[in-house]
Asks: 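I'd like to ask some things about the structure below.
Letters A, B, ... mirror the listed sequences (proteins, then strands); counts begin at 1.
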Amino acid sequence: MAFLLAAMLLLAAASGLAVVLTRDPRRQVFALAGNGLVLTLLFLVLQAPDVALSELAVGTAATPLLFLAALAAVRINRKRDAADTGGPE
Amino acid sequence: MSVLPWVVAAWLFGVGVYGIATSRNYIHLIGCLSVCQSATYVLLLGIGYDWGAGPPIFYDHPPGTPAVDPIVQALVLTDIVVGATVSALLLAMALQVHKREGTLDPQEIKPLKGQ
Amino acid sequence: MSPKLRPALLALAALAILPGFWRVACALPGFGSPVSPYGQAVNALLPEMRRVSNMVSAINFDVRGFDTIGEEFMLLAAVAGTVLLLRGGRGEDRADAGGRIGGRAIVPRADAVVLICRICGPFTFIFGVYVALHAMATPGGGFQGGVVIASSLLLIYLGEGYGRWRQLVREPVLDAVEGAGALLFVAAGLLPVFLGLRFLTNVLPFGTAKDMLSGGLMIVENAGVTLAVAGGFGTVLLEFMEETRATTSEVADPDDGRTGDRA
Amino acid sequence: MTLLDVLVPFPVVLPLAVGAIVLALGERLPKHAPEALGIAAALAVAGLSAVLSRGALDAGTPVYWFGGWEPRPGVTLGIAFAPDPASAGIAAFIGLLFAAALVFAWGFFDEVRSTFNVLMLLFLAAMQGFCLTRDLFNLFVWFEVMSVAAYALTGFSLKRASLAGALNFTVVNSLGSMLMLAGIGLVYARAGALDFEAVREAVGRAGHDPVIVGGFCLVSVALLTKAAILPFQFWLADAHAVAPSPVSVIFSGSMVPIGLFGFAKIAVQVFPGSPDAGSILHGLLFGVGCATAVVGGLLAWSQRHLKRLLAFSTIGHIGIMLTGVAALSPVGLAGALAYLVGHGLVKGTLFMLVGVLLAEKAGVDELNLRGLGRDIWPAGVLTGLAALLLGGAPLGLLHGGADLVSAAAPDGLAGWAMHLSVLVGTALTGGAVLRFAGRVYLGLGPDPGDEAEAPTDEEQEKADRPLWLMLAPCILLLGIDVLVPADLAEHMAARVLPQFAHLAAGSVAVPPPTGWTAVEPWLALLGAVAVAGVALFRDRVPRILPAAGGMFKPVVAGLNRLHTGVINDYVVWMALGVAMFAAWATF
């Protein structure tokens, strides 16, 4: 149990670092979802199934979805601007 | 092992702050902020953990079985809502900034002209 | 501040914080040996007092139910804020087409995707309701269930396309569901006040442990949270999806040569 | 259960319920119904809290356990509200300020209909909960609700400046909230409780304990970030300068000050037993308060954008309040609380007057508006009066508070440092507003000619609102501040504070006035008038005066340059601020 816990904690630390170091937001979304998944598992090991379920719904699904929607909207804006100014950005 | 969770929590917060301080894209920055937020989850759940105790749900185990601290879990549930709501608000702001300014770089979007 | 100075100052700050952090870390009760009399008292007293088996739900809806009211209204504030910040569009000037990216048309959905979404959508919805309903006995509850229900609305979007989705999922309805959920929670708190008791006192019969309908007033509060979260997250998802739509003016533009999204 | 007990949850529950109803009915309500409901709810909340405050004064502080979860032997289970006279009094003042701001905003937000009113109602409820609660995590919850509503309101106008300001505000304050939660976690790890009373006992038992000190530092950082104390103040000017005026009224008048109020409450109700927390408060934060007062004054003085000017002046005044709290004397604490209310009344008025300019003249830039305010002279009269009050005029509640803060100054060098920084902060902020009023409403000062364009975007707020409707709440707030006799603050200090700070009744004695207390307000006022006069009549005063002022220019310019508006920088400053706490606590 101790080994599993330590491994999950270190994995959480690493996946948090990965989110920060993934500077391209489009890739970062996946790092973020991965981080959410790691945290979900960590919370399960920490005997917190309620929190794990929340993190699964919010951290792994809802929040990354919002990020994806925001990124899509940003790309559409960019396209629109490019059309307005008559050239790519 | 006995200090590992605290170290991990501090690490997550520190790494997130480093990401925010060096970020050149607001959407990336919001992702870093949620890393900081996850530090508080780890800290709180770590505080309530008990070796050898089960989850604080007495469905399969009868009441009286050793269980971890349910208070911190309730706090973390609220905390997760906080994280999600703040992320949604920030993303909405970032979107609008991009619509108006065509950029997401915090160093180009300033409250005052000519700063 | 120059880009190089920032990490340097951060490192300096970290250096100054480190000794203090280490002292705190060493002084904290070692990991895995909690001392909280509060948590142990809840574990010892609540199953008997409230006949529920999920202690986290018992705390969220009864012992510290007042926090959860605050949490619900925090969500309400965030949703109102997102609506305020993303105002505009909301279906009025949104075209039926998706915005296109870099001249690339969005590929029409395959029939298989539609089929999968049509099957998964209702299933997800029911799963959300299930998670919400079993709050008192097993892990889960109104919050988690509400988020899952809101996500199932998104599957309708993927399956049915934008036009149908807008017909099915309407903003005023979501607002009403969200507001009504929050009101239900407040009403649950006020009921005991009319009976001369403290706000949020659990006055309904507790039922039997491990039963779906155990916990008395908590069931009502849980239902309120489910509605508020489903309505709230639904609105936020809707608002963000709106942002990814092209505007009517763009589609009307003949040069825009629309293809793609067949919705 | 007495009738008073029944009322305790309603300052929070009432606006929440009205907010949910407005949201659920949405567009189905008649046109002005959300606004009318909002004003009615705010007034009702002000009345309820005032009744609670009065009742607690007569019958002792009631403790209201939600859900009937009274403490059991050895363990506190539930959440309690404890509306002591001071907390409920502050809550009543907040209700009044909201009512005034909502009247001022009548017709402002037609564009977004009910959404604005829903947010304001939740904002109000959250502040009430924040003031009345007796539970650490419940405090955090209301703190967060307050923040979330504030973040969204800041970005309302969707212009570049307001979105950038809102982003900075949100990121900095969210980081603060996370630190607060971490701090609460540390306290919980040691005390095993969240109720103020229970934690206070545990803190007293723990003595010198790094965990408790760490928790105190983290919670303090969050509250002082909200209160915009150096070096956590960077977000404030960006956010206040761009929020819609009715929202700025609430921000400067109540949100920022109650950050400090929350800090004071935590310090005296939760951590009085920790010697290390006391040393941080009395040592580090005393100095930080003095520095904040001076820096806020200098920065306010150097602005030409009135909203930014007022924003920085708020920082200066919060610094003065912090010195009152950090003096660790009941008198100083009482002074800070009276100052908080007086400052909120005056500053709220000033932000409404800014709104009048934005609606009528489409701008708030001092140089661009020179002489243009003559036709709305009633606003000019009110601005001048508010400037004098801010500058220390010995009149009303604000002055009463300042007097008590000054009376709490410690002996020796530290005391003189405090007097001097309070004096400088007061004179500079009052002088800056006075200068603005002279230039805009009287057309004084040299003609700037075609001087560089204003450094901000074009801004205008909804114009077709009647002037009298906007000025009426200004007159009300300013009138309350002026008409409160100055000795009321003293009187209240003795009666209200014991329940707030857990002191024996009658133990708060206000020291007799010294020569200095009689002179100080006049000195500050003289300074304010002189500072404004030198700026406006540069050509007609002896050359030496503007030259002497010019010596500070590099310092002020340097301070202004630090406010880059870039969130990356602000986060670094925040980390340095935390490091400052850590270093003080460790070494």
Asks: Ile57(B) versus Pro139(C): any side-chain heavy-atom pair under 4.5 Å?
Replies: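 They are in contact (side-chain heavy atoms under 4.5 Å apart), so the answer is yes.
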Asks: Taking side chain as everything from C-beta outward and backbone as N, CA, C, O, which of these in Pro47(C) sits under 4.5 Å from a heavy atom of chain B? Side chain, backbone, both or neither.
Replies: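 The side chain, not the backbone.
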Asks: Between Met74(C) and Thr85(B), what is the shortest heavy-atom contact and its length?
Replies: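 Here Met74(C) and Thr85(B) meet closest at SD-OG1, 4.3 Å.
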Asks: Given that the side chain runs from C-beta out, which part of Ala84(B) has a heavy atom under 4.5 Å from chain C: side chain, backbone, both or neither?
Replies: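 For Ala84(B), the contact with chain C is made by the side chain alone.
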Asks: With a 4.5 Å heavy-atom cut-off, do Met55(C) and Gln73(B) have their side chains touching?
Replies: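 A side-chain contact is absent here, since even the closest heavy-atom pair is not under 4.5 Å.
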Asks: Answer with side chain, backbone, both or neither: which region of Ala137(C) has an atom nearer than 4.5 Å to a non-hydrogen atom of chain B?
Replies: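 Both parts, heavy atoms under 4.5 Å.
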Asks: How far apart are the C-alpha atoms of Trp51(B) and Phe31(C), what are their side-chain angles, what is the distance that settles it, and do they pass the ring-ring contact (aromatic ring centres under 6.0 Å, His included) test?
Replies: CA-CA 8 Å; Trp51(B) 291 117; Phe31(C) 174 63; 5.6 Å; yes
Asks: What I'd like to find out is whether the side chain of Tyr59(B) reaches to under 4.5 Å of the side chain of Asn54(C), using heavy atoms alone.
Replies: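 They are not in side-chain contact.
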Asks: If I measure from the heavy atoms of chain C, does Val72(B) come under 4.5 Å with its side chain, its backbone, both, or neither?
Replies: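 Neither part.
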Asks: Should Val3(B) and Trp22(C) count as side-chain neighbours, where that means a heavy-atom distance under 4.5 Å?
Replies: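 The answer is yes, as the side chains (C-beta and beyond) meet within the 4.5 Å cut-off.
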Asks: Quick one, Leu95(B) and Phe240(C) - any side-chain contact, counting heavy atoms below 4.5 Å?
Replies: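 A side-chain contact under 4.5 Å exists here.
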Asks: Which atoms of Thr22(B) are under 4.5 Å from chain C, going by heavy atoms: the side chain, the backbone, both sets, or neither?
Replies: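 The side chain, not the backbone.
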Asks: Over all heavy atoms of both residues, which pair between Ile59(C) and Ala74(B) is shortest? Give the atoms and the distance, please.
Replies: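 Of all heavy-atom pairs spanning Ile59(C) and Ala74(B), the closest is CG2-CB, 3.6 Å.
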Asks: Does atom OH of Tyr18(B) have more than 12 heavy-atom neighbours, drawn from other residues, nucleotides or ligands, at distances under 6.0 Å?
Replies: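 Open: at most 12 neighbouring heavy atoms sit under 6.0 Å from OH of Tyr18(B).
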Asks: Any idea which of Val229(C), Thr138(C), Val236(C) has the most non-hydrogen atom pairs under 4.5 angstrom with chain B?
Replies: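 Ranked by heavy-atom pairs under 4.5 Å with chain B, first place is Thr138(C).
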Asks: Relative to chain B, which segment of Leu75(C) carries a heavy atom at a distance below 4.5 Å: side chain, backbone, both, or neither?
Replies: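 Both the backbone and the side chain of Leu75(C) come within 4.5 Å of chain B.
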Asks: Please look at Ala44(C) and chain B and tell me whether the side chain, the backbone, both or neither of the residue comes under 4.5 angstrom of a heavy atom of that chain.
Replies: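 Contact with chain B is absent: no heavy atom of Ala44(C) under 4.5 Å.
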Asks: Report yes or no: does Asn43(C) contribute a side-chain atom to a donor-acceptor pair with the main-chain N or O of Val68(B) at less than 3.5 Å?
Replies: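 Looks like yes, one N/O pair under 3.5 Å.
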Asks: Going from CG on Leu77(B) to OG1 on Thr68(C), what distance comes out if it is rounded to the nearest 0.5 angstrom?
Replies: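 The CG atom of Leu77(B) sits 8.5 Å away from the OG1 atom of Thr68(C).
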Asks: May I ask you to test the Val7(B)-Phe21(C) pair for a side-chain heavy-atom distance under 4.5 Å?
Replies: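 Val7(B) reaches Phe21(C) side chain to side chain.
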Asks: Measure Leu85(C) against the heavy atoms of chain B and call it side chain, backbone, both or neither at under 4.5 Å.
Replies: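 For Leu85(C), backbone and side chain are both near chain B.
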Asks: Side chain, backbone, both or neither: which part of Gln144(C) has a heavy atom under 4.5 Å from chain B?
Replies: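 Contact with chain B is through the side chain of Gln144(C) alone.
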Asks: Under a 4.5 Å heavy-atom cut-off, does chain C meet the side chain of Leu91(B), its backbone, both or neither?
Replies: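 Its backbone and side chain both get close to chain C.
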